[in-house]
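Worksheet: one structure, shown below.
Keep in mind it's a predicted model, so treat the numbers as computed, not measured. First listed ligand is number 1; within each ligand, the first listed atom is number 1.
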Amino acid sequence: MLRPVCRSSPGGLPLKTMLPFKLVYTDDYFLPLGAHVFPAQKYRLIHQHLLQSGIAEASDFLTPEPAPDEDILLVHTPEYVRKLKTGTLSQLEEMQMEVPYSPELVRAFWLAAGGSILAARHALKDGVAVNIGGGFHHAHPDHGEGFCVIHDVAVAIKRLHKDGLVKRAMTVDCDVHDGNGTAAIFPPKTRTGQPLPSASGVQHNLRGAAQLRDSSSGELEVFTISLHQANNYPSFKPPSSIDVNLPDGTNDEQYLGWLDQAMSSALRQFEPELLCYIAGADPYEEDQLGGLALSIAGLKKRDELVLRVARSRNIPVMITFAGGYARHTEDTVTIHCNTILAAREIIETCKSN
Ligand SMILES: [Zn+2]
């Protein structure tokens, strides 16, 4: 297990090194789901593991506040927000969410959105920041689905845009499931372009960034990448700027090749001021809701690739954790903690070069 390393401060004094970026976390990220395939305790387990293993120390963590309603409303409709706050979702709407409604659940999602806003701000300052939560990429403006109630990443992008901090954002969604909520919120403008090299069973869409008019500070452009298993939820996959529809059983080498090509293609046509990395743990070969075949080591290489490409271009990265349903929850925890290790290794390597 890696231990925190020591460096010298600019004045030559020994500096007990914290992580070179912040982790956003609260125990209240816990989702009150009862018996459910979503391991709601994973957030607490990740926090615990980071501290016990010495990967992080208490001062590395920031505690989020729930996002203000006005920020949630930058993405979600007033009607949907009202239903969530008053407990008046229809049975059908609650079924579509696939998580049981409770006021505590709503608060946890408001906190996740507040956490992603906080992490995005710190990413701009430190180069990287991690929300140990969030990544609820199936949430739509007017409804929740697939365990996702509020689209925290979209809320963070819209809030930072409103504050005049970001006009161009990119989402890199590596959860095994298609980022349908992200694509619905930031629909790409259709454009022509050279398709990525093709392989049997893999399809690509190539479209420009979503361009959204916002009255406060000009135009927001969001470029969305989704690498996902083609044969998986959701059945309807609205187009992202780049979609990579992976066949069942895609392995480490194949996945990393597609990710590399998707990011290279994206960054040839779009220069983001913020990259939102949705680092789902569910492309893992032992995942109960996924059908890809990535190993734990392969998933860490995936994280390193995203972070290395971003760091080499000085693009700040905000990380969220999204899904992860490994047969053994400790594997999900390991995969998420490895994302933090990968970020530290890439940042420290970049600093020493
Ligand atoms: Zn997922």
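Note on D282: its N/O/S atom closest to the Zn ion (ligand 1) is OD2. Looking at D175 and the Zn ion (ligand 1) together, the shortest N, O or S contact belongs to OD1. Within H177, the N, O or S atom lying nearest to the Zn ion (ligand 1) carries the name ND1.
With sequence neighbours excluded, the residues forming a side chain to side chain donor-acceptor pair (under 3.5 Å) with Y29 are N131, listed by chain and number. In this structure Y233 satisfies the side chain to side chain donor-acceptor pair (under 3.5 Å) test together with E145, sequence neighbours excluded.
Below 30°, between 30° and 60°, or above 60°: for F38 and F136 the angle between ring planes is between 30° and 60°, a tilted geometry.
When only modelled atom types and interatomic distance are considered, R327 and Y284 share no side-chain donor-acceptor pair under 3.5 Å.
In summary, no N, O or S atom of H137 is located under 2.8 Å from the Zn ion (ligand 1).
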